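One structure below.
Since this is a predicted model, take the numbers as computed values, not measurements. Below, chain A is the first sequence line, B the second, and so on; all start at residue 1.
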2 protein chains.
Amino acid sequence: MTTDLQLKQEGLIKDARKLVESYPRVPITVDCVIFGFDENELKVLLIRSDLELFKDKWSLLGDFADDNEILDDSAYRVLRERTGMDDVYLEQVKTFSKPNRHPGGRVLTVAYCSLLNIEHHQLKKMDNELHWHSVKTIKDMAFDHHEILNECYAWLQKRIQEHPLGFNLLPEKFSLRELQNLYEAILDRKMDRRNFRKKFFAMDFLIDTGLYEDDVPHRPGKLYQFDFKKYGDTKKKWSGIDF
Amino acid sequence: MTTDLQLKQEGLIKDARKLVESYPRVPITVDCVIFGFDENELKVLLIRSDLELFKDKWSLLGDFADDNEILDDSAYRVLRERTGMDDVYLEQVKTFSKPNRHPGGRVLTVAYCSLLNIEHHQLKKMDNELHWHSVKTIKDMAFDHHEILNECYAWLQKRIQEHPLGFNLLPEKFSLRELQNLYEAILDRKMDRRNFRKKFFAMDFLIDTGLYEDDVPHRPGKLYQFDFKKYGDTKKKWSGIDF
DNA sequence: ATTTCAAAGTGTTATTTGTACACAATGCTG
DNA sequence: CAGCATTGTGTACAAATAACACTTTGAAAT
């Protein structure tokens with residue numbers, strides 16, 4: 001049964017469609033800034049540009065958005081396809097729209113920031129086009145990807161002081177030294193060991209596993225886990241890392 | 001003179017263009033969440049939806065992006081066209097991409113947050129389609145605009161504690177009471193008057209104009225200006241409003 | 001003129017948080 | 001079993017925050 005109202009609705013939707021179709025369209029990509037932590041350095045996962053024009057340059061992991069795909073899903077898809085990992089921390093950071101940022105014409109890209117544990121990620125798909133680069137020294141990036149990286153890095157520095165993101169970059173069990181090394185690498189400054197410990201213990205989100213490091217040539221440190229559940233449940237304030 | 005190298009370059013660019021052209025395209029809009037402050041309330045400037053389908057709903061100020069326009073410029077254009085104002089605070093907040101967020105088909109929108117002084121803005125263009133609404137009570141918004149508003153409001157709450165944005169919402173000269181009312185309205189909580197003053201004076205960015213309020217039925221307060229120059233020059237830390 | 005009112009303006013104290021700093025305990029190595 | 005490197009811990013001082021009350025001022029009402 002088709003009522004007048006339904007007919008009218010359909011007409012209005014057709015109008016809306018006509019309006020939308022009268023405007024220019026732009027190809028959309030997502031680019032993922034995938035951070036990892038290894039050898040006490042913050043790393044970013046890059047791929048050799050697949051554009052012949054940029055054949056000596058490194059590129060963020062990205063792809064064109066599929067039709068009717070919400071962009072968060074596009075970004076998860078890129079991660080899955082490239083790293084084989086599924087439950088990775090991911091967050092939208094910023095959209096880049098300079099008309100000439102892509103040599104093939106206007107392409108708008110939405111940058112996502114992602115954090116993963118390098119070791120856990122088995123690199124099944126780690127062909128020789130993919131490499132981890134030190135964030136501090138990487139040069140020669142394709143497109144405007146260096147600008148995107150810088151924005152995401154700045155975003156991360158700010159974000160990690162407000163939320164417990166860092167644990168996504170560490171193994172499930174970690175020592176306090178590893179945790180501090182991570183913070184020092186990301187924030188690019190030294191912190192006092194005693195105050196660092198005090199701060200984290202005061203937050204009360206670290207679970208003592210009862211285990212110890214076993215591959216160090218000195219007194220081994222305790223291993224902890226981050227209590228994601230408690231953090232999620234209590235919504236207790238993450239008191240911020242300021243040092 | 002055309003060298004081989006130039007020819008090759010042109011070939012590569014053509015390839016790149018072909019690649020880009022093989023992907024789907026999406027219409028892009030910008031939507032501006034324009035905040036104002038009036039009657040001790042945070043307001044947002046909305047327009048009656050121009051879509052017949054949403055004729056009883058309110059819409060953010062937005063427009064489709066022009067060809068080859070960087071989106072920041074699109075947003076400034078929207079502001080200029082709608083409010084007649086040119087030097088308005090504006091910042092990109094987030095991109096929204098749900099495939100069904102627009103009834104006329106997929107439209108991606110980039111949300112911008114903007115702060116302006118309601119009184120200063122002469123509303124030359126203030127036809128009766130435009131209205132200031134209380135952020136706390138507004139309902140019946142078109143598209144996913146309520147979601148966008150909420151994200152921008154949350155963004156503002158966070159941002160105003162880290163940067164001196166609030167002054168964009170006030171007249172050039174303002175009393176401390178007005179400033180505090182602004183913070184209380186945005187952060188939605190009461191603050192201690194003495195500590196508030198102490199904090200702002202300690203930052204040392206308030207210029208005493210020597211003038212006083214003159215339209216109040218009680219002891220008039222001093223009027224201050226925010227020292228944008230000093231703030232910009234010194235990059236001195238904005239110590240944050242926590243109360 | 002005097003009183004009343006409402007908000008401006010001001011300081012102190014207690015508490016919490018941040019910072020600086022040093023020494024004993026442990027487990028591995030040779 | 002001595003030496004080494006790193007873990008683990010506590011205290012004192014400084015700075016920031018939070019709580020709190022009284023005096024001053026100018027306009028309005030009487």
To the nearest angstrom, how far is [X] atom [atom1] from [N] atom [atom2]?
X: A/F196; N: D/dT6; atom1: CZ; atom2: C1'; answer: 16 Å
X: B/M203; N: D/dA16; atom1: CE; atom2: C1'; answer: 12 Å
X: B/M191; N: D/dA19; atom1: CE; atom2: C1'; answer: 16 Å
X: B/K199; N: D/dA16; atom1: NZ; atom2: P; answer: 9 Å
X: A/D215; N: D/dA5; atom1: CG; atom2: P; answer: 18 Å
X: A/D208; N: D/dT7; atom1: CG; atom2: P; answer: 15 Å

### Query
Do B/E69 and B/R77 meet the salt-bridge criterion of a basic N to acidic O distance under 4.0 Å?
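Salt bridge between B/R77 and B/E69, a charged N being under 4.0 Å from a carboxylate O: yes.
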### Query
Quick one: do B/R159 and B/E91 make a salt bridge, cutoff under 4.0 Å?
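Result for this pair is yes, salt bridge flagged.
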Side-chain donor/acceptor of [X] to backbone N/O of [Y], under 3.5 Å:
X: B/Y112; Y: B/V93; answer: no
X: B/S114; Y: B/Y89; answer: yes
X: B/Y153; Y: B/I186; answer: yes

### Message
Hydrogens and angles aside, do A/S49 and A/S59 bring a side-chain donor and acceptor to less than 3.5 Å of each other?
### Response
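Result is no, nothing qualifies.
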#### Entry: Toward the 5' end of DNA chain C, by each residue's nearest nucleotide, B/H218 or A/H218
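In this pair, the answer is B/H218.
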If you restrict it to nitrogen or oxygen atoms, what contacts under 3.5 Å exist between nucleotides 8-11 of chain D and the protein, and what is each distance?
residue, atom, partner, partner atom, Å
D/dG8, OP1, A/K222, N, 3.0
D/dG8, OP2, A/R197, NH1, 3.4
D/dG8, OP2, A/R197, NH2, 2.4
D/dG8, N7, A/R193, NH1, 2.9
D/dG8, N7, A/R193, NH2, 3.3
D/dG8, O6, A/R193, NH2, 2.8
D/dT11, O4, A/K198, NZ, 3.1

